[in-house]
Colleague: 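The structure that follows is given in the form of structure tokens.
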Amino acid sequence: MVKIKEISSAELGVVKVVYHDGEALFCLKDVAKLLGIKYQDALVGLSQLGMKDIPVQLDDGKNKVMRVFVTSDNFAVLHSKSTRLEADAIIDWLYRESLVAGSVIGEYAIDDLKDESKAKEVLDQLVELRVRISVQDLTLKANEHRIRFIETLTGTARCYDLAEIPDIIKYRGITLRTLLQDLRTAGVFDSDNMPNTQYIDNHCFRKVTAETSEGAQLKRIQRVYVYQGGLRLIEDILKKKASGKNAKEVR
């Protein structure tokens, strides 16, 4: 059975979300409400590949109703239909949530830990993770001098989570959503918001894929990290975009 959670923001509102195969799916009815879009209008133009019908428990605790949940692939379409001033902030918040989907161990709430069997599952996963970290730590220490030398040559000594970049560069009007859109337009990222191979090979970005098992289910998590070369590339793209706007204004 799919487990539904709620994410909330004091400024923006509440959205039901499901984590499935390392991806976040958001309740379309909740998202449409936040964006000020009529539900039937919100359905128009969405990608069927980024939609899933999921049963949701009603407030009476007895009955369920099918609700449409959508992935971040449909955010751009929904954003274009909204006239709310908070639309950018709402989509940016949801994008961030989609990027960190599955980055925790399992899908447990605090109340789940009251169940002895579930608490044991969590502890077992933590022990396994601790062993892996210990092995990796030993490997890193043994190769520390080599790693430092390579990082100095390639400019990869420091990297940042992609979701942090808008706060780091503090570029006017930039949000995670608009940054991803600019990177796709420039051909740096693909339609799945992942860096194309040449930009990984050039040490601009790093794509990390991890797999964890939850019972019989294999869960894949993908994250993007940005190196110094990637930061310079992003700044160049934003400057060219700004200069293009200024040129149009002058005309």
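Just so it is clear, the structure is predicted and the values come from calculations on it, not from any experiment.
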Colleague: Quick one: does Asp73's side chain have a donor or acceptor within less than 3.5 Å of a partner on Gly50's backbone?
Modeller: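 Pair absent, no side-chain N/O of Asp73 close to backbone of Gly50.
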Colleague: Judged by atom type as modelled, is there a donor-acceptor pair below 3.5 Å linking the side chain of Thr178 to the main-chain atoms of Ile174?
Modeller: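 Checking the backbone N and O of Ile174 against the side chain of Thr178, no donor-acceptor pair under 3.5 Å is found.
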Colleague: Taking NZ, NE, NH1 and NH2 as the nitrogens, is one of them in Asp161 or Arg223 under 4.0 Å from a carboxylate oxygen of the other?
Modeller: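 Counted as a salt bridge, because a side-chain N and a carboxylate O are separated by less than 4.0 Å.
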Colleague: For Ile237 and Ala186, which heavy atoms make the closest approach, and how far apart are they?
Modeller: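 Scanning both residues completely, I find the closest heavy atoms to be CD1-CB, 3.8 Å.
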Colleague: Please round to the nearest 0.5 Å and tell me the distance separating atom OG of Ser72 and atom CG of Leu25.
Modeller: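 The CG atom of Leu25 is 9.0 Å from OG of Ser72, to the nearest 0.5 Å.
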Colleague: Just so I know, are the side chains of Lys64 and Val56 near enough to count as touching, which here means a heavy-atom distance under 4.5 Å?
Modeller: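 Lys64 vs Val56: side chains apart.
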Colleague: Any chance you could measure Met51, atom CE, to Phe69, atom CZ, to the nearest 0.5 Å?
Modeller: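 Rounded to the nearest 0.5 Å, the CE-CZ separation comes out at 12.0 Å.
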Colleague: Can you hop from Met194 to Leu179 via hydrophobic side chains spaced under 4.5 Å?
Modeller: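 Yes, Met194 and Leu179 fall within the same hydrophobic cluster.
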Colleague: Apply the test ring pair (Phe, Tyr, Trp, His ring centres under 6.0 Å) to residues Phe75 and Tyr95: give CA-CA distance (whole Å), side-chain angles for both, the deciding distance (0.1 Å), then the verdict.
Modeller: CA-CA 8 Å; Phe75 285 172; Tyr95 259 124; 5.1 Å; yes
Colleague: Are Leu35 and Val77 co-members of a hydrophobic cluster defined by side-chain heavy atoms under 4.5 Å apart?
Modeller: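 Yes, Val77 and Leu35 fall within the same hydrophobic cluster.
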Colleague: Within a radius of less than 6.0 Å around NZ of Lys33, do more than 12 heavy atoms belonging to other residues, nucleotides or ligands occur?
Modeller: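 At most 12 heavy atoms, drawn from other residues, nucleotides or ligands, come within 6.0 Å of this atom.
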Colleague: Applying a strict under-4.5 Å side-chain criterion to I, L, V, M, F, W and Y, I'd like to know whether Leu231 and Tyr199 cluster together.
Modeller: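 Result: yes, single cluster for both.
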Colleague: Using a 3.5 Å distance criterion without hydrogens, assess whether the side chain of Asn202 forms a donor-acceptor pair with backbone atoms of Cys204.
Modeller: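 Not a single qualifying donor-acceptor pair exists.
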Colleague: What distance do Leu34 atom CG and Lys29 atom NZ have between them, rounded to the nearest 0.5 Å?
Modeller: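 Between atom CG of Leu34 and atom NZ of Lys29 there are 13.0 Å.
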Colleague: Taking side chain as C-beta onward, heavy atoms only, is Arg84 less than 4.5 Å from Glu86?
Modeller: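 When only atoms from C-beta onward are counted, Glu86 and Arg84 do touch, with a gap below 4.5 Å.
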Colleague: Please tell me if the side chains of Val17 and Ile4 come closer than 4.5 Å, counting only heavy atoms from C-beta onward.
Modeller: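 Not touching, per the 4.5 Å side-chain cut-off.
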Colleague: For residues Lys81 and Gly45, report the shortest heavy-atom separation together with the two atoms involved.
Modeller: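 Closest heavy-atom pair between Lys81 and Gly45: NZ-N, 4.5 Å.
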Colleague: So which heavy atom on Phe189 is nearest to which on Val224, and how close?
Modeller: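 Taking every non-hydrogen atom into account, CZ-CG1, 4.1 Å.
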Colleague: Would you call Asp182-Lys241 a salt bridge at under 4.0 Å N-O?
Modeller: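 Yes, Asp182 and Lys241 are salt-bridged.
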Colleague: Check whether any side-chain N or O of Lys207 sits under 3.5 Å from a backbone N or O of Tyr225 as a donor-acceptor pair, and report yes or no.
Modeller: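 Between the backbone of Tyr225 and the side chain of Lys207 there is no qualifying donor-acceptor contact (under 3.5 Å).
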Colleague: Answer with yes or no whether the side chains of Glu97 and Tyr19 bring together a donor and an acceptor at under 3.5 Å.
Modeller: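 Short answer, yes.
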Colleague: Counting C-beta onward and ignoring hydrogens, is there a side-chain heavy-atom pair between Leu180 and Leu162 closer than 4.5 Å?
Modeller: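 Sidechains of Leu162 and Leu180: in contact.
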Colleague: Do the charged groups of Arg184 and Asp190 touch, with an N to O distance under 4.0 Å?
Modeller: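 Salt bridge flag = no for Asp190 with Arg184.
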Colleague: So, do Trp93 and Val15 sit near enough that their side-chain heavy atoms are less than 4.5 Å apart?
Modeller: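 They are in side-chain contact.
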Colleague: With hydrophobic residues grouped by side-chain heavy-atom distances under 4.5 Å, do Val14 and Phe26 end up in a single group?
Modeller: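 No, Val14 and Phe26 fall in different hydrophobic clusters.
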Colleague: If we only count heavy atoms from C-beta on, is the Ile169 to Leu238 side-chain gap below 4.5 Å?
Modeller: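 Touching, per the 4.5 Å side-chain cut-off.
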Colleague: Taking side chain as C-beta onward, heavy atoms only, is Ile7 less than 4.5 Å from Leu94?
Modeller: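 Yes, their side chains come closer than 4.5 Å.
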Colleague: Taking the side chain as every heavy atom from C-beta outward, state whether Asp167 and Glu164 have any pair of such atoms under 4.5 Å apart.
Modeller: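 No, their side chains stay 4.5 Å or more apart.
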Colleague: Between atom CZ of Arg232 and atom CD of Glu235, what is the distance when rounded to the nearest 0.5 Å?
Modeller: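 These two atoms lie 9.0 Å from each other.
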Colleague: Quick check: does any side chain N or O of Asn74 sit under 3.5 Å from a backbone N or O of Leu46, one acting as donor and the other as acceptor?
Modeller: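 Checking the backbone N and O of Leu46 against the side chain of Asn74, no donor-acceptor pair under 3.5 Å is found.
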Colleague: Going by an N to O cut-off under 4.0 Å, is there a salt bridge joining Asp92 and Arg96?
Modeller: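 Salt bridge: yes.
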Colleague: Are any side-chain N or O atoms of Lys52 and backbone N or O atoms of Val68, one a donor and one an acceptor, separated by less than 3.5 Å?
Modeller: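 A pair under 3.5 Å: no.
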Colleague: When rounded to the nearest 0.5 angstrom, what is the spacing between CZ in Arg177 and NE2 in His79?
Modeller: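 Those atoms lie 3.5 Å apart.
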Colleague: Measure across Leu28 and Ala42 and return the closest heavy-atom pair with its distance rounded to 0.1 Å.
Modeller: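 That closest heavy-atom pairing would be CD1-CB, 4.2 Å.
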Colleague: Please round to the nearest 0.5 Å and tell me the distance separating atom CD1 of Ile90 and atom CG of Leu78.
Modeller: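 So the gap between those two atoms works out to 11.0 Å.
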